Amino acid sequence: ETGVTQSPTHLIKTRGQQVTLRCSSQSGHNTVSWYQQALGQGPQFIFQYYREEENGRGNFPPRFSGLQFPNYSSELNVNALELDDSALYLCASRPGTSGGRGGELFFGEGSRLTVL
Amino acid sequence: QQQVKQSPQSLIVQKGGISIINCAYENTAFDYFPWYQQFPGKGPALLIAIRPDVSEKKEGRFTISFNKSAKQFSLHIMDSQPGDSATYFCAASIRGFGNEKLTFGTGTRLTIIP
């Protein structure tokens, strides 16, 4: 058990729709990051939040956005879904000190998104 | 640009044998190299990690060997067991900044046969 729970576990959307994925982290884990894992590939960094502010972003377009809340929960929102957005979306959290550095990264089991 | 290259893509090892997975990186600013284990339907879990100031780290049956000059590192699983069958990912990050994004390799599907 990593203490990171994600919902929903599976969902199907059609191209052009919008989706919100949710994550709940352990108490005290004030750094959360999101990764996209395409089938047969390694996870790719989308962005990271520390104390409710985005403090790092990977090579993903602005239609990927996020929120982090004071209760250690977070959201990943994807607008204007494309077929290539089909993937496993992983939330990961860590206890962080200044700037979110340090500590092991704990992953959730992911939300599998299929875009038709 | 793939900054971390991993091989082989798949590996079959007999029970009790040694499993070896290799990774190479390009960015010399990387200073943290973890290995993750992922079972089907689960998220990746940290297995073992190394910093570039040491050449080897061992934890139980798992060993990381690190070659800074060659920009390569590898995972060795000794006495491989069927329960080790999973997908393994190497990764790298720069810990000096607040944004510690992990750059992952493409993964190795390991199968341990009896």
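Protein chains get the first letters and strands the later ones, always in sequence-line order, with residue 1 at the start of each. Keep in mind it's a predicted model, so treat the numbers as computed, not measured.
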Contacting moiety of A:F106, where chain B heavy atoms sit under 4.5 Å: neither
Leading residue by heavy atom contact count with chain A [cutoff under 4.5 Å; candidates B:A45, B:G107, B:P44]: B:P44
So what's closer than 4.5 Å to chain A heavy atoms on B:Q9: side chain, backbone, both or neither? neither
Which of these, B:L47, B:I48, B:I64, sits in a side chain to side chain contact (heavy atoms under 4.5 Å, CB included) with B:E59? B:I48
Atom CG of A:L116: over 12 foreign heavy atoms under 6.0 Å: yes
Side chain to side chain contact (heavy atoms under 4.5 Å, CB included) with A:C23: which of A:S73, A:S74, A:S7? A:S74
Is A:Q37 close to chain B through its backbone or its side chain, or both, or neither, when contacts mean heavy atoms under 4.5 Å? side chain
Quick one about A:H29 and A:S93 (side-chain donor to acceptor, distance below 3.5 Å, no hydrogens or angles considered), yes or no? yes
Partner chain B: residue of A:G42, A:S33, A:P43 with the largest heavy-atom pair count (under 4.5 Å): A:P43
Test item: A:L88 and A:S111 side chains (from C-beta on) under 4.5 Å apart, heavy atoms: no
